[in-house]
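Whatever order the structure lists them in is the order used to number ligands and atoms, beginning at 1.
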Amino acid sequence: MTKISTVRFAPSPTGRLHVGNIRTAMFNWLFAKPDGVFVLRLDDTDHERSTREFAKGIVEDLTWLGITPDRIERQSDRFDAYEKAARQLRDAGLLYPCYETPDQIERSRKRLMARGRPPVYDRAALMLTDDERAALEAEGRKPHWRFLLQNFANNPFETTRTDVTFDDVYRGEQVVDLASMSDPVLRREDGTWLYTLPSVVDDRDMGITHVIRGGDHVANTGVQIALFRALGVENIPTFGHHNLLTDSEGEGLSKRKESVSIQQLRQNGYEPIAVTSLSVLTGTDKDVVTLADTDALREHFQSAKVSKGPARFNEQELNALNERVLHAMPYSVAQAGLRAAGVEVSDDAWALFRENLTKFSDIVDWAPVIDGTVSPAIEPEDRDFIAQALEELPAAPWDHGTWSAWTGALKNSSGRKGRTLFMPLRKALTGREHGPDMGALLPLIGPELAHERLADAL
Ligand code: GLU
């Protein structure tokens with residue numbers, strides 16, 4: 001039996017989600033479902049920037065996209081667990097207090113770089129005696145806390161190459177050398193947590209089997225695996241890092257950029273499946289095809305190869321995909337949207353109009369063509385022709401052949417052909433210059449309304 005996977009999507013509620021976040025959410029969702037568990041973890045340890053409003057917005061955005069978390073967890077509810085883990089590390093001598101100011105840290109970084117050395121923290125704080133520490137504390141200095149990476153044999157000042165190797169779901173074998181990095185700060189002077197330790201403690205306590213996230217976390221994963229080990233965790237999750245999305249100019253996405261926020265895309269009338277498909281399929285070896293729903297996306301995406309480098313999310317492509325989704329949307333799928341828009345159209349009418357939709361909401365303008373009011377504007381030079389067309393309007397019942405019979409007869413009687421024959425009729429009957437095939441549309445308009453409109457146009 002294959003093990004059921006438990007995944008988590010872990011945004012911080014400091015803004016609304018953008019397509020880059022959705023790529024991560026969907027990679028997790030498609031990976032775990034239908035059988036696995038999807039946890040939404042709100043990384044809200046930053047009191048100042050995290051808000052309930054944003055947390056609500058994240059759930060709203062996910063729901064709209066068809067992601068309904070099995071569980072919602074908040075890091076702000078779990079400070080006790082982080083405290084306990086920190087104590088465990090500290091007792092093991094793996095978490096130590098440091099008193100350098102940001103300024104001092106920056107200066108020593110610069111010094112090292114000027115000497116062509118990697119800017120790795122020198123662990124000077126480990127040299128402090130108890131008295132020196134007490135003196136610093138007496139001055140009112142508060143420590144930040146670093147995790148002592150196990151990248152040495154006996155002497156922490158003599159590090160040796162220490163590879164952490166993991167088999168990435170998307171990238172294959174990855175190697176992170178713990179000697180190439182500074183001991184990470186796990187806790188700040190003010191007692192707040194950086195993301196590293198809480199994330200590991202949560203993954204452990206929540207039974208996360210797969211950590212799927214953006215490629216910017218590969219180096220973190222080296223540190224986090226070291227932390228799992230330091231905490232004695234046996235079931236370390238499997239990791240997968242997908243490539244990141246950029247905007248169409250190649251710039252990184254951020255929560256501050258309105259143009260790609262899910263909320264904005266929703267307001268702009270895009271279909272959720274167009275948004276999810278494009279956020280998932282961009283930057284993979286799979287074509288961006290038109291898919292009916294998330295199940296179809298899962299199937300299409302199943303054996304996808306994910307590219308290494310960042311990939312551009314292109315809104316032009318979203319427009320094109322959105323149209324294709326609408327043009328193929330079955331009546332049964334459209335129902336909910338039609339109800340929400342307060343529009344009643346028949347199955348036949350939907351099949352005709354959907355091909356003219358750029359956004360779903362355009363249906364509101366099309367529906368009246370069949371049973372409402374349109375403005376049948378025509379040019380003065382077409383008046384006589386429309387009068388004649390009215391006279392020659394075929395008798396009921398109408399079917400798909402009515403239009404060609406009528407226009408065929410009008411062609412002979414008026415001597416008009418092509419655009420001059422068809423356009424005035426289309427404009428008088430629909431109030432528009434473009435639209436669905438008139439042969440299919442005319443019987444839906446029906447003799448009575450057609451008569452009325454032609455007469456009104458005169
Ligand atoms: N809150 C972190 C982020 O948004 C989570 C990273 C992770 O998935 O572990 O970058």
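Ligand 1 has a nitrogen or oxygen under 3.5 angstrom from a nitrogen or oxygen of Arg213. For the pair Ala10 and ligand 1, the shortest N or O to N or O distance falls below 3.5 Å. Looking at Tyr195 next to ligand 1, an N or O pair under 3.5 Å apart turns up.
Taking each of Arg41, His217, Arg8 in turn, the one with a heavy atom nearest to atom 10 (O) of ligand 1 proves to be His217.
Classification of the Phe79-Tyr82 ring pair by plane angle, with boundaries at 30° and 60°, yields perpendicular.
Using a cutoff of 4.0 Å between basic side-chain nitrogens and carboxylate oxygens, Asp247 and Arg312 are not scored as salt-bridged. Contact check on Lys142 versus Asp190 returns no salt bridge, with no Lys/Arg side-chain nitrogen under 4.0 Å from an Asp/Glu carboxylate oxygen.
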Decide yes or no on ring-ring contact (aromatic ring centres under 6.0 Å, His included) for His242 and Tyr170, but give the supporting numbers first.
CA-CA 6 Å; His242 61 73; Tyr170 308 107; 7.0 Å; no

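Under the 4.0 angstrom criterion for non-hydrogen atoms, Gln224 is not in contact with ligand 1.
When each atom of ligand 1 is checked for a heavy atom of Asp43 under 4.0 Å away, the hits are 1 (N), 2 (C), 5 (C). Within ligand 1, counting atoms from 1 as listed, the ones closer than 4.0 Å to a heavy atom of Ser199 are 9 (O).
When each of Phe239, Tyr195, Phe166 is checked for a ring pair (Phe, Tyr, Trp, His ring centres under 6.0 Å) with His217, only Tyr195 meets the rule.
Using modelled atom types and a 3.5 Å distance limit, the side chains of Tyr99 and Glu137 yield a donor-acceptor pair.
Neither the backbone nor the side chain of Phe9 comes within contact range of ligand 1; no heavy atom lies under 4.0 Å.
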